[in-house]
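For reference, the structure is listed below as structure tokens.
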Amino acid sequence: MPPQPHAAVLQFTQLLSATRRGARLARLLTVEQLVQWGWPRDSERVEAAEVVVAELAANAVVHGRLPGRGFRLGLMLLPDSRLRIEVTDPRGDRLPAACPVADEDGRGLVIVDALTDGWGVLPYPPSGKTVWAEVSPARGRA
Ligand SMILES: Nc1ncnc2c1ncn2[C@@H]1O[C@H](COP(=O)(O)OP(=O)(O)O)[C@@H](O)[C@H]1O
Ligand SMILES: [Mg+2]
């Protein structure tokens, strides 16, 4: 079998409504899942993952929403213990634009950038996209 780029040891996926409540649920489910996977509840890495999911889910709901469609949260614990977060929304025609300008807009992705080892966007055929971000377990050991 060829090597899989993101072979997950453990994974979680949940379809959520594209609402403020759905975004909130994404954040809460992330914390509970990480605790279940053994990440300490009050650790910097759980807090980082929580903030990143909150920002990406808010973006899916605000910028990536299509009427009648939800968004999908994916969490993957990778073999090297990094956490891969994936938030998929139906608007492949609109993409995140991380703007380094000190503006009111664009702060969410600046925060995501600061809290992760990296993030990016992949097409989600036929017409959606996945915004992914990876949180290192070395991000705070407490
Ligand atoms: N999931 C998304 N779908 C479409 N556009 C997005 C998405 N996420 C971010 N964007 C675009 O990137 C910009 C920057 O996002 P962000 O840094 O979170 O700032 P904000 O959400 O406050 O505008 C947004 O204003 C939006 O134009
Ligand atoms: Mg945002």
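Quick caveat: nothing in here was measured; it's all calculated off a predicted structure. Start at 1 and go down the list; that is how both ligands and their atoms are numbered.
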How many angstroms lie between CD in Glu55 and CG in Leu115, if you round to the nearest 0.5 Å?
9.0 Å
Option nearest atom 12 (O) of ligand 1 (shortest heavy-atom distance, choices Gly108, Ala58, Gly92, Ala97):
Ala97
Could you check whether any heavy atom of Val62 sits closer than 4.0 Å to an atom of ligand 1, since that is the contact criterion I want to use?
no
Spatial distance of atom CD (Gln14) from atom CG (Leu29) [nearest 0.5 Å]
6.0 Å
Measure the CZ-CZ distance between Arg94 and Arg65 for me, rounded to the nearest 0.5 Å.
11.0 Å
Considering only heavy atoms of Arg94, which atoms of ligand 1 have at least one such atom less than 4.0 Å away?
3 (N), 4 (C)
Which of Leu34, Ile85, Val112, Asp117 passes side chain to side chain contact (heavy atoms under 4.5 Å, CB included) with Val135? It is Ile85
Working to the nearest 0.5 angstrom, can you tell me the gap between Leu95 CG and His63 NE2?
12.5 Å
Listing by chain and number, what protein N/O/S atoms are under 2.8 Å from the Mg ion (ligand 2)?
Asn59 OD1
Enter the distance from Thr30:OG1 to Glu50:CD here, rounded to the nearest 0.5 Å.
8.0 Å
Between Arg107 and ligand 1, find which residue part has any heavy-atom pair under 4.0 Å and reply side chain, backbone, both or neither.
backbone
Check: Asp89 main-chain N/O paired with Lys129 side-chain donor or acceptor under 3.5 Å:
no
Quick one: pull up OG1 in Thr88 and CZ in Arg69 and give me the separation to the nearest 0.5 Å.
11.0 Å
From the candidates Leu56, Asn59, Asp89, the one that places a heavy atom nearest atom 8 (N) of ligand 1
Asn59
